[in-house]
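Working notes, beginning with the structure itself.
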Amino acid sequence: MAEPSPPSSNAGLRILLAKDRPPPSPPSTAVSTVSSHADRDRIIGVFRSALSRTEPPETFALPIVQEAIKPQKETVLVLEENQSLENALRTLVQELASSAVQSGKKIMQYGNSLDSGESNCLITRLLDIVLYLCERGHVEGGMVFQLLEDLTEMSTIKDCKDIFGYIESQQDVLGKQELFGRGKLVMLRTCNQLLRRLSKANDVVFCGRIIMFLAHFFPLSERSALNIKGVFNTSNVTKYEKDAMDGISVDFNFYKTLWSLQEHFSNPALTSTNPAKWQKFSSNLAVVLSTFEAQPLSDDDGKLNNLDQEEDAAFNIKYLTSSKLMGLELKDPSFRRHILVQCLIFFDYLKAPGKNDKEGPTGGMKEEIKSCEERVKKLLEVIPPKGKEFLKSIEHILEREKNWVWWKRDGCPAFEKTPFEKKSGQAGGRKRKPRWRLGNKELSQLWKWAEQNPNVLTDPDRVRMPSITEYWKPLAEDMDPSAGIEEEYHHKSNRVYCWKGLRFSARQDLDGFARFSDYGIEGVVPSELLPPEVNAKFSSKPAEKVKRLKREDSKGASAQPKEPQVAATPETDGGGSGGDPEEGAVPMDSDNGAAEDGQKQSPEEVSGPESGQCEPETDADDNMKTETTSRDARAGEK
């Protein structure tokens, strides 16, 4: 018989592990859960006993926390301690709210000994204690916001009105920076949840209170309440009758035309970008405006709906769309104003500032908008009561709205400016910038030194304006061919150096400054600084003026080659050449003019020489030519 196979190594390993395994110990989570529940109950008990105290919270709030939590630090709780305290307080709020419901009292009046007054309300007392601890920084700043959120979630609408009244009364404390940064998102979530629960028709006042609170609680530049992308509420659909009903005296086509305008008002962007929809809107609006103009309202119609006398009147968000009410609504001034103001808002959106040409209306659309807007304003002026005052107020509101449009399109920059904090050395006030006597520190210090030291202006070592020879000496050294200075490192390539040198030459050396037009910046350098070969290069070229005179003479000679030229006797003093001697000298200098033209094409010559250097020689040559011509003319006469 075959022997049984031994057990596998894995099975033996499992047996050994089971044998040597220590006895199981109770799970630690159960112990921690029991201890956490015990701590929570102990914290709840401590705070319950504190709610019956009538002293202000600042006298006993911190000792209560130290007794309930026993914190590691004396005045500030760490993260785990804050979490334990928050869980205990949320449980306590839930128990108090449940007890108030069972007793049949309002949550914010539970615990009062008298029916009137909330001085002994347990929940209000608890919120005051936690708010004081958060304000002083003893506990986490967002704890009171979390308790308020829990309280609104477990309360009815009636109780929420009382809870929100407490929030409004503590708005200044809740809006402090140390609390606002911690709980602004929780408060925003709480208010939004309340708005979702409320009815837009029955709880209009409460909705307005919440919105007004958010507007005051959050800063003006808060982006969470802004419609940055400009999305329209397309879910707000106005339903009206599509088919005519029997027994109605009102024109049903006009009824449909009037209420169809709401489709365009709910989404102006779609109407402005679709030509077919715009055409339909403009035609329907023209019909409505013509009807309003044909049926003006009298002063008696305005008195029937005088808003000044109905201070407690309740208003609905939307008008009823029944065709049976069409006749009454047309006689209602508020209804007409409602429609016409919608038109102005619609036109104001189409003309919103900052729109480029692609997004804005076209040329034909602009004309239609302008004409319709004028008709709407005229209708608003004649609607009683106080039509002109009403139109003026609407125009003012729309004008202010443009500022908000620009602000949103600029990225919603903050309006609030943080104040400058005083440093330790500026306790007496902010230090002003010093005002210097001569405009800046350097000039004022220079003037001060001059007053203290009378010899400062005669000091040979002081910084002074250099002479022409000193300033142009580096450029003259670079112009020496033996120096071998490259073009990149040549001083004439330094624009600032050349500009300063021209200013010096214009003040101290006008002859050298005049040579700049013929030779460039190198011609301004004084001749005594240049080597002989370089100096000869700049002094051997004729002046541009002489070239121009000779070129004119050669043209005159070529125009009359066959006629004998007899020059008159010159009556000049020999210092210059007159017009007649120049004409007589033309035949003699024609070859020289051609030679001068050939010399002008030399690649080394960029510009003509300075006229001041060559004029004496030119005048002498002209005088000699004049005398020779005169002698030849006398010989011919003899």
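Residues: numbered from 1 along the sequence shown.
In this structure, Lys370 and Glu374 have side chains that are in contact, with non-hydrogen atoms separated by less than 4.5 Å. Looking at Cys498 and Arg495, their side chains never come closer than 4.5 Å, going by heavy atoms from C-beta outward.
No salt bridge links Asp159 with Lys106; every basic N to acidic carboxylate O contact stays at or beyond 4.0 Å. Look at Glu241 and Lys256 and you find no salt bridge, because none of the NZ, NE, NH1 or NH2 atoms lies under 4.0 Å from a carboxylate O. Ionic pairing of Lys378 and Glu293 is not present here: no N-O contact between side-chain nitrogen and carboxylate oxygen is shorter than 4.0 angstrom. Between Lys351 and Glu373 there is a salt bridge, since a side-chain N of the basic residue sits under 4.0 Å from a carboxylate O of the acidic one. We find that Arg336 and Glu329 are not joined by a salt bridge, their nearest charged nitrogen and carboxylate oxygen being 4.0 Å or further apart.
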Under the salt bridge (charged side-chain N to carboxylate O under 4.0 Å, His left out) rule, what do Arg136 and Glu58 come out as? Steps first, then yes or no, please. CA-CA 10 Å; Arg136 299 297 179 180; Glu58 54 269 17; over 6 Å; no
Please tabulate, for the side chains in residues 172-185, all donor-acceptor contacts under 3.5 angstrom to protein atoms that are two or more places apart in sequence or on a different chain.
from: Lys176; atom 1: NZ; to: Glu135; atom 2: OE2; distance (Å): 2.5

Validation: residues 208-216 side-chain donor-acceptor distances under 3.5 Å, sequence neighbours left out:
from: Arg209; atom 1: NE; to: Glu168; atom 2: OE2; distance (Å): 3.4
from: Arg209; atom 1: NH2; to: Glu168; atom 2: OE1; distance (Å): 3.0
from: His216; atom 1: ND1; to: Met212; atom 2: O; distance (Å): 2.7

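No donor-acceptor pair closer than 3.5 Å links the side chain of Ser155 to the backbone N or O of Thr152. Formation of a donor-acceptor pair under 3.5 Å by the Arg400 side chain with backbone atoms of Glu395 is not found in this model. A donor-acceptor pair is defined here as one N or O able to donate and one able to accept, closer than 3.5 Å; such a pair exists between the side chain of Tyr255 and the backbone of Thr321. Between the side chain of Asn227 and the main chain of Gly230, a donor-acceptor pair closer than 3.5 Å is present.
Contacts of Cys412 classified as side-chain contact (heavy atoms from CB on, under 4.5 Å), with partners at least two apart in sequence or in another chain: Arg223, Leu226, Ile228, Trp407, Lys408.
Looking only at atom types and distance, the side chain of Lys318 has a donor-acceptor partner in the side chain of Thr238 under 3.5 Å away. Using a 3.5 Å distance cut-off with no hydrogens or angles, the side chains of Gln262 and Gln342 do pair a donor with an acceptor.
Aromatic ring pairs are classed by plane angle as parallel below 30°, tilted from 30° to 60° and perpendicular above 60°; the pair Phe346 and Trp278 is parallel.
Minimum interatomic distance between Leu340 and Leu379 (heavy atoms only, all atoms of both residues): CD1-CB, 3.7 Å.
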